[in-house]
Amino acid sequence: MDATTLLDWYDIHHRDMPWRVPPAARKAGEVPNPYHVWLSEVMLQQTTVAAVRAYHTKFTALWPTVEDLAAADDADVMAAWAGLGYYARARNLLKCAREVTARGGFPNTEAELLTLPGIGPYTAAAVASIAFDRKATVLDGNVERVMARLHAIEEPLPDSKETLRTLAAERTPDARPGDYAQAVMDLGATICTPKSPACGICPWMKGCAGRIAGIAAELPRKRPKKAKPTRLGHVYIARRPDGATLMETRPPKGLLGGMLALPTSEWTDAPSPAPPLEAGWREIGEVRHTFTHFHLILTVWTAETLAAETRGHWVDQADPGDLPTVFAKALRLAL
DNA sequence: GAGCCGTGGCG
DNA sequence: TCGCCAAGGCT
């Protein structure tokens, strides 16, 4: 009953996305492309639809099939992901593509999907339901918020997570699992939004305990977060007369792991200068950037040089678009 | 369980 | 300007 109400709403208000099969087409028998769905769900982890669109289009143009992606060079995939953030996703994306290719295609059950790199509880449920129309309970930030409000759950996250998961499972219908999964997330993204939810036009307004109690907008409650410290550092942009720029590939794990980068000092309260070669360095400004758990202020230095580097490698055509945003900012400052 | 891990938009 | 937040996963 409730699910039917939501699916009726979704039939009218669904949003077009490059990886989606619209409800009418799905009813007519069109089947989603599992590669496209999986790629979209990984990109959408903690990332908005608006940010994902262009990257999804770029990836499917560069690598039309999961086999193509599996055969790609790591550096090309990391460069294509640059700017989207959470770079471990790109490393796991490649691992997953290679495992899927080795086993001859995507598994079509939630349990098997869950064993693949970069696929956790949410993504396994999302791909199983959206790509293969299997009944599965998707529980993301949207669904948590919707369930917390519908049932006026005042216990804060993450303590309430299993309660919310049970409530979400109870509400999941047997019919149209893929459309339902997308519908409940769309509801959270467009109606049951974090701030000032549009309760007046919500298809589920009748049974919403949070709305009736007048506390919908306050839910879900969350534990207070820690303040972000500020770290400092130096970043060095060395250019040769032929135009090449000195770059580094970051270590494979940790912050910005595996990404192309500019040479920097350590990022601390009081960083020591650490130029990658001897040259007449000039300070040209600073770059501010905020990561997940700290603020960063980098002093930007440039030099024209023919000196030999002590670390890194020269890149002929340095493209800010191939770099994580903090380095793109520094490079653009120098250009 | 809790820390780590990006980015851009929004109020 | 700044904290919050988004279709989380890994360790």
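Since the model is a prediction, treat every value here as computed from it, not as a measurement. Hydrogens, waters and symmetry mates are skipped; everything else that's a heavy atom, side chains included, is used. First the proteins, then the strands, lettered A, B, ... as listed; each starts at 1.
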Query raised in the report: For the base of B:dG8, is there a side-chain donor-acceptor partner from A:Thr47 under 3.5 Å away?
Result: no
Query raised in the report: So, A:Glu248 and A:Arg311, do they make that salt bridge, N to O below 4.0 Å?
Result: yes
Report summary line: Residue pair A:Gly254/A:Asp159 against DNA chain B: nearer the 5' end by closest nucleotide is A:Asp159
Report task. Using a cut-off of 6.0 Å, state whether more than 12 heavy atoms not belonging to A:Glu155 lie near its atom CD. Result -> yes
Report task. Answer with base, sugar-phosphate or nothing: what part of the nucleic acid does A:Leu256 contact at a heavy-atom distance below 4.0 Å? Result -> sugar-phosphate
Query raised in the report: Any side-chain N or O of A:Tyr86 under 4.0 Å from OP1/OP2 of B:dC4?
Result: no
Query raised in the report: With the threshold set at 4.0 Å, does a side-chain nitrogen-carboxylate oxygen contact exist between A:Arg223 and A:Asp159?
Result: yes
Requested in this report: Scan side-chain atoms only and decide if A:Arg89 and A:Thr47 contain a donor-acceptor pair under the 3.5 Å cut-off.
Outcome: yes
Requested in this report: Find which nucleotide of DNA chain C each of A:Leu44 and A:Asn92 is nearest to by heavy atoms, and output the residue with the more 5' nucleotide.
Outcome: A:Leu44
Query raised in the report: At under 4.0 Å, does any side-chain N or O of A:Arg223 touch on OP1 or OP2 of B:dA2?
Result: no
Report task. Name the residue closer to the 5' end of DNA chain B, choosing between A:Gln46 and A:Lys226 according to the nucleotide with the nearest heavy atom. Result -> A:Lys226
Report task. Give A:Lys228 one of three labels, base, sugar-phosphate or nothing, depending on what nucleic acid heavy atoms sit under 4.0 Å from its own. Result -> nothing
Query raised in the report: Using a cut-off of 4.0 Å on non-hydrogen atoms, how would the nucleic acid contact of A:Val49 be classed: base, sugar-phosphate, or nothing?
Result: base
Query raised in the report: Is any N or O donor-acceptor pair between the side chain of A:Thr48 and the base of B:dG8 shorter than 3.5 Å?
Result: no
Report task. Have a look at A:Arg145 and say if it touches a base, only the backbone sugar-phosphate, or nothing, with a 4.0 Å heavy-atom cut-off. Result -> sugar-phosphate
Query raised in the report: How is A:Pro158 classified with respect to the nucleic acid when contacts are heavy atoms under 4.0 Å: base, sugar-phosphate, or nothing?
Result: nothing
Requested in this report: Can you tell me, in whole Å, how much space there is between the P of B:dG6 and that of C:dT11?
Outcome: 14 Å
Report task. Establish whether the base of C:dG8 is bridged to the side chain of A:Tyr122 by a donor-acceptor pair shorter than 3.5 Å. Result -> no
Query raised in the report: Contact class for A:Met17 vs. all strands (heavy atom < 4.0 Å): base, sugar-phosphate, or nothing?
Result: base
